[in-house]
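So the structure is just underneath, and the comments pick up after that.
Proteins get letters first, then strands, A, B, ... in listed order; numbering begins at 1 in each. Note that the structure is predicted; figures quoted are calculated from it, not measured.
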Amino acid sequence: MATTGKSQILASAPTPKEIPLLQILKELKHQKPVSFLYEPENIENVLIQTPFNYKEDTKRILKTILSPVGLKFRKVGKYNFIIKRAKNWRKKGHPRINQKPGQSFLKQKTKTLAVQTISGIVYSREDGQTLMGSTVQIKNTAIGTTTDEFGEYSLKIPPGRQTLVFSYLGFKDKQVQINGQPEQNVILEVASTRLDEVIITAVGIEANKRLLGYAADNLSPEDFSLSNAPNLVSALSGQSAGVWVNTASGSPGASASIFIRGMRSVNGSNKPLFILDGIPIDNTTTGNGTQGVDVSNRLIDLNRHDIAKISILKGPAATALYGIRAANGAIVMASKKGKQGKPKVQFSSSFGFQKVNKLPPRQTTYSQGKHIDGRAVYQGPETNVSTSYGPPVSELEFDGDNSYPYDQNGRLVPKGQGNGVLAKVYDPYAAFFVQGHSFDNHLAISGGTNWFNYYLSFGQLLQTGVVPNSTFERYTLKGIFDVRLAEKFRMGVSTTVINSGGFRMKRGSQFSGVPLGLFRNPNTFDIGNGKTGKAAANTPASYIFENGKQRAYRGNGRYDNPFWSVNRNPFEDKVNRLIQNVSLDYQLNSWLKATYKIGFDLYTDSRKDAFDINSGTHRNGQVDLSDIQSININSDFLLTAEKKLSGNWHLKASLGHNFFTSEFSIRETKGDDLKKQGVYNISNAIHLSTNETLLRKKVAGVFADVMFQYKNILYLNLTGRNDWSSTLPKKNNAFFYPSLNLGFEFTELLGWTDSPLLSYGKLRFSYSRVGNDAGAYLTDTYFNFAVAGGDALLPNTDFPAFGVSAFERSGTLGNPNLKPETVTSYEIGTDLKFFRGRMEFDFTWYQSTSQDQIINTQLPATTGFLLAPRNAGTIENRGVEIGLSTSLLRKSHFRWDLAANFSHFESLVKKLPEGSPSIVLASFTNLSSMIIEGQPYGVLVGTSIKRDAQGSMIIDSYGFPAVNAEQTVVGDPNPDWLLGLRNTFTYKNFSLSALLDIRRGGDLWNGTRGVMSYLGISKISGDQREVRNFIFPGITETGEPNTQAVDLANPANGPSGIYWQRYGFLGLAEQHIEDASWIRLRELKFSYRFHPPWSLRHPPEFSVSLSGQNVFLITNYSGIDPETNLRGDSNILGWDYFNLPNTKGWSLSLDVQF
Amino acid sequence: MQLLLFLALSASCDFGDTNLDPTRQTDAELKEILPTALAQTSRNLASIGGRVTGTVIQHFKGIDAQPESYSQYLIDERTLDQFWRTGLFGGAMKDCQNIIEKAKKSEQPHYEGIAKILMAVNLGIATSFWGEVPFKEAFNGLENLQPVYDSQEALYQSIQQLLNEAIEALNQPASNNPPQEDDLIFGGDATKWIATSKALQARYFLHLSKRRTEAAQDALNAIRAGAFQSLEQQPDFPFSNNVNEANPLPLYNFERPDQLAIGDFLHQLLKDENDPRLSRYAVEIEGMPLLFDRDASSLYWGQFGAPLPLISLAEVKFIEAEALLRLHRTEEAETALREACITHFQQMNIPEPEYSVYLENHLHFLNATSFDQQLELVLTQKYIALFGQNPIEAWVDFRRTGYPELQPATGANPSFNPSLVVPRRYLYPISERISNETNFNAAIQRQGGHLMDVNIWAFK
């Protein structure tokens, strides 16, 4: 036996004197495969006098030595021992107790007469294990404790207090009467986490989920805080079946789109309605064209730390209560509120950093240049040449001329003609991107008395992006007050003030876009002029010459040097927002309640979008100021009756009135032709033009909602609503729509509620019809301020111009006969609970048909009009949603939970108006997103390869694939299915949570690659450049198999012999359609909860967590992260054209509560 | 409960004028519409329609991005879609139609006349690009969502009819509220518009030189009946020296620099003959004869404010020369040719000493003895003169005469031009295929296809 000499001595000789307990435990651990758990304060300074032998059984040794010093132990598992203080240690008056001065025995005794101590153990029903960390609280007080690692608690009860509340995450609360007993052991039941939750369905109406006849999900802060995403919409990604989230990019403040159950409206919004505390919250996104910057969707203004709960109401069944704007589902949020008791302070702070997660691959072999006279010729920045079809960089060297402004090493010349210093391959990605940072702080104080509750919070979010100089900031101040004005009369006031905005980066199809200048940059040009990242961004010499012209790879900035763009093309937005609501609540009698609520959601968004003189876009400079103002006012009156009818029937009915008015205006002043470089003030512009738009709308509605409940078996919910909308012609402006929801709990009927296998089972059915109104001003034909256009590649001439003002008839033909559109939906589903709630499963199938859609149909321009809103078209939408949540493992302290959600949906365009079998949603030079009869929603249509009936490529007379004269459907951006998998591991105070996000199918157009190939900078155009004598498989125009061998980019064949240039600047759309499937670890969070070692009467609770976002991404997509979308939050999906990239990051958070 | 519901329902909601846009009007006056019709028509000559055509006819060479694709004959059904929709039919032509209807109703004949002239010019562009296009059934809104395509013969009749009616209307006395400063070209001067209309009649008569034996005589008659004869009367649209009001050609070259150079054929032609106009057309930068440089004040078509004529005096003179030549009045034709060229040099602000040598060496029929040689000389000179101001007419001339003898681009993409000829037409735009499919297909069938190597009726 190989043991140390020291332990030999210890083992052989009985201990004659005091040895520190810590040392004994250490030695035991050293000798045997055992481990000990203890609280250090209990072990430190404890000396052992009792003799023992190390060779003895560990259990025996512990028994011998611990008891005399007032400690006890417990064996957990085979080798683990937990050591803690004996319960009766103090009472026994062990000599080693340090009694506090003045705390005499007598006094203690007197006190126990008044203050009762109660103790006991908390167990889980499911596996009989004790529960550590469960909360024990005296009802309606702040007095409470938590159970220790053995599940034990001990609490002093002041006189008169009779009820204890036991709670534990994932278990149902349990209330226990004390009844004078000193010991109270409690068994907690596992909560049916997904079925018994309270779902907020409407204006102050909450319903137990089991009452609902339609699919709904609840998210707790743990769910939507997992990602630390500043944008609450992004935070919903992967959290619920049927919910589809796309983020525009990883730039700070970028918008995220959300769709529930896919898309069904052609021109209208497909976004769900967001409701906060009963008031609709504006989630408009203004911008996101093919140019511009990544703007925000306005839901970004909400601070997730202030949200207590989010209910996701899928399908239109809940629209009776919210009206037409909830036709695409509703996301109902409830704010945190103050609770009666001492002030509670919550503080949280997180710091994170982000990196670019994926970039389009580049070739690193060839230099800037062209094929001239049969050779690949280097053409430096001064030649303005855009392409990288020059010779290999390895064949070039510097000439050492340090007066050459484009490179400190001199200009590049063929090898042998310079100074022998070999040309460098610069990496623009490494030179450009920096680490992004985010800093998110939140402080909240809440509390209340029996007549007044309050919640106050302040939040601050600061973000810097991976693109130098990009930022986003948000400050939120919130106060919620609940006052009981009289016995039955309550008033609630909630105010949120938000200031947000940032410095955003140009992207997309513009010469000043950051990704454009960066991704197209050749290998031989150093964008940072010897510097990188922030240093290069802060050093003007990297991007500007002394004469004010640009230092860029195409001379003086045909494409902007990205460092120029981040400095000289500023875009700033400042949003000030006020969300204010007041509610009054009066309990008329025991069963009837009246509620009135009025809410304002107001914001201004002031934007300044500028281009300096000598920028690639607007080369004379431009400053564009636009002020967006949005006013939404919502008023609700609601009468709610709740009454037990005869026998087992229960009735709940609401009757309500709603009025909604909104005004949205943009006032824009554009100043062209700046006088002085670097001055971004509209007064610096010589030519001004202005523009003004105002959209306004009013909707009034009355509704009724009646719910019959028979025992816990049958739930029948009938709703009806009539709306009047200002956007429809007066004769058609009123419309009624009903819904029916039915829930049937067969387990209750069959008496299976205690069944160990299937204890809960509900079948649900829902039918609803929803009307919807039109956009504003579609009933009349207008004369707009005139514009001379007709050329997508040129800026328009806006009137007033040439000294006169002018108008012209709008291309949109007003329709005075519009009527409301309708969506009819059916939904069936089931919620099941197995193994005493250890596994829950729900399934939903739905189908909805939108009819009489108000579509801006495209007219032949020869009619004199371009568009006409018409009631026409049918889109059918169907899908399945599956939710599964289960505890895979529950051991005493260890828990493994799995939650999965699966969604599949299809939106099929069944019918379009006569004579217009397709509608263009948006189009770019060789690609468009379209609505086509018989196709899925928003398919991608573009240039494609000509094929015969068998699908073989037709090869043209030059030996290259021929192009179809007509554009065809080339891709479908809708995913086949989405799967979110959340694994959560909990061990004692530690927890590890991972959200795996899987998307299968759905196409993305990689226009970025198309152009990068044309320019010879994409990886593929480098890898395949030397390919010679390649025979494209296919047949010739005459039907013969193709035998013509071609070179893909042989300099001998000149510029027209380059395969990637044969199909134009963007290439063939079809060649750049890629599958956007992915598997990503969207979120990974490791957290630890603890009470600090110092002791306080109300010790604060700390939680520290480390979380990762986009930790890994597996995809075959060859560009940037396929989750990005150029068109951001819109109905147009699947575009990648010099989008800003996405990011991955880590953040560290601290939460404190006391 | 029912009572409340009933009350709410019976109180029908009246939202007043909430759904009327307070920032816009539902009608406009003639003088408010005319400026946009004029601006859009002028823009149509030199924006994408002119740019693509200039590349096809080799006035320009695309050396990067989209123009490089045009040079490779990658001009697909989307390239000119927006031009068709918001430049022509849903743009200037819609405005003209609007003015014509309103002017008739309010008896303001001068508005009617100007609008008809502009309509004719736009229709001329459309039919020369695509052959058959809808016109007789066009501009009827919802009443006719699928206008039938007219034959090219009918379209040329419509063009002449419009121009005739314009002259008639402009000959009437002015109304109380005639066009004034809203007429950005002539400030309401009806006689100048009449002279323009006659010049345009000559242009569109001559378009049919392959189809009608009377074409030359008709063209000559129109000119002699009062087409304008001085640069002061030339219908120039006054572009201005800023981005919003700029001539579309320099604006494009400014916004998207280094994409367009002067075409190789034209470049060689000007260089070989030491033509002083080369310095007005192109500037050599890094060995590339570009159409634009911010600092090159010598470039005529490099200035934002370069005025653009609906039809230039030089073109009128060239039409006259060709007509006379075709009528075998050779001497008069030679005189007209010289006048045409002198007019163009003057238009380009080239002083006499600079062009006198060129004039003596080239602009006569000394070395051009046969009709074909003489025709080639006239049309080659016209080709040079139309640079920058009307490549669309240069393309028409090439297709009906074969001059100058351009070679198709080498290594071009045959997808939309299988026989790889200098294009004979453009593909119909995608929006027509989508929204007027039946008539679109019928028109293609009647014309034997719509790829770029298919000849259209007028130029067969």
Side-chain angles (χ1 to χ4, degrees), chain A residues 383-384 386 558 619-620 655 672-673 687 689 692-694 696 698 700 702 722 724 726-727 777 779-780 782-784 786 788-792 794 797-799 801-802 804 806-809 811 813 858-866 915-916 918 956-957 962-963 965-967 1056 1062 1064-1065, chain B residues 1 5 8 13 15 18-19 21 23-28 32-33 35-36 39-40 43 47-48 64-66 69 74 82-87 89-91 94-95 97-98 134 138-139 141 145-147 182 184 242-245 248 251-252 254 257-258 286 411 413-416 434-436 451:
Chain A
T383 64
N384 306 324
S386 61
R558 273 60 179 162
R619 306 178 65 79
N620 276 356
L655 185 70
D672 278 307
D673 303 324
H687 296 98
S689 55
E692 183 184 354
T693 55
L694 171 70
R696 57 185 185 188
K698 288 177 181 162
V702 286
N722 202 89
W724 291 262
S726 68
T727 64
Y777 314 141
T779 48
D780 293 276
Y782 289 90
F783 276 71
N784 296 340
D791 185 343
L794 271 187
T797 294
D798 296 319
F799 280 89
F802 311 110
V804 293
F807 298 86
E808 62 183 327
R809 196 181 62 202
L813 177 60
Q858 187 175 321
L859 304 184
T862 51
T863 58
F865 293 91
L866 305 174
S916 87
S918 55
D956 70 19
S957 49
V963 184
E966 294 179 352
Q967 301 202 351
S1056 60
R1062 283 198 69 75
F1065 192 62
Chain B
M1 193 168 100
L5 199 65
C13 277
F15 298 102
T18 305
N19 205 36
D21 188 344
T23 68
R24 291 187 288 172
Q25 28 182 3
T26 47
D27 205 352
E32 293 171 324
I33 310 173
T36 170
Q40 184 67 62
R43 198 180 162 94
S47 64
I48 189 160
D64 190 35
Q66 286 87 350
S69 309
L74 282 166
Q82 198 167 340
F83 178 67
W84 170 289
R85 280 178 76 71
T86 59
F89 288 95
K94 163 208 68 176
D95 295 334
Q97 180 70 18
N98 219 246
F139 309 113
L145 288 176
Q146 316 273 289
D182 52 311
L184 298 170
N242 67 81
V243 170
N244 191 45
E245 299 170 335
L251 181 63
Y252 184 85
F254 170 75
D258 305 324
E286 291 287 331
N413 193 310
S415 296
F416 310 129
I434 287 168
S435 57
N436 194 7
L451 294 185

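Under a 3.5 Å cut-off, the side chain of B/R43 and the backbone N or O of B/P248 do not form any donor-acceptor pair.
Side chain to side chain, B/D258 and A/N384 meet the donor-acceptor criterion of an N or O pair below 3.5 Å. Side-chain N/O atoms of B/T26 and A/D780 include no donor and acceptor closer than 3.5 Å.
Contact of A/D673 with chain B is made through the side chain alone, with heavy-atom distances under 4.5 Å. Within the 4.5 angstrom heavy-atom criterion, only side-chain atoms of A/L813, from C-beta onward, approach chain B. Both the backbone and the side chain of B/F254 come within contact range of chain A, judged by heavy atoms closer than 4.5 Å. Of the two parts of B/N244, the backbone and the side chain both hold a non-hydrogen atom closer than 4.5 Å to a non-hydrogen atom of chain A. Heavy-atom distances place both the backbone and the side chain of B/L251 under 4.5 Å from chain A. Looking at A/F799, the atoms closer than 4.5 Å to chain B (heavy atoms on both sides) all sit in the side chain, from C-beta outward.
Interface remark: of the candidates A/G811, A/S957, A/P860, A/P860 forms the most heavy-atom pairs closer than 4.5 Å to chain B. Annotation: maximal heavy-atom pairing with chain B below 4.5 Å, among A/D956, A/N620, A/T383, occurs at A/N620. Ranked by non-hydrogen atom pairs under 4.5 Å with chain B, the options A/F802, A/F1065, A/F865 are led by A/F802. Taking A/A965, A/A801, A/S689, A/S1056 one by one and counting their heavy-atom pairs under 4.5 Å with chain B, the maximum is reached by A/A965. Among A/A792, A/S726, A/A806, the residue making the largest number of heavy-atom pairs under 4.5 Å with chain B is A/S726.
Ring geometry, B/W84 versus B/F89: the interplanar angle falls from 30° to 60°, so the pair is classed tilted.
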Apply the test side-chain hydrogen bond (donor to acceptor under 3.5 Å, both in side chains) to residues A/T779 and B/N19: give CA-CA distance (whole Å), side-chain angles for both, the deciding distance (0.1 Å), then the verdict. CA-CA 8 Å; A/T779 48; B/N19 205 36; 3.1 Å; yes
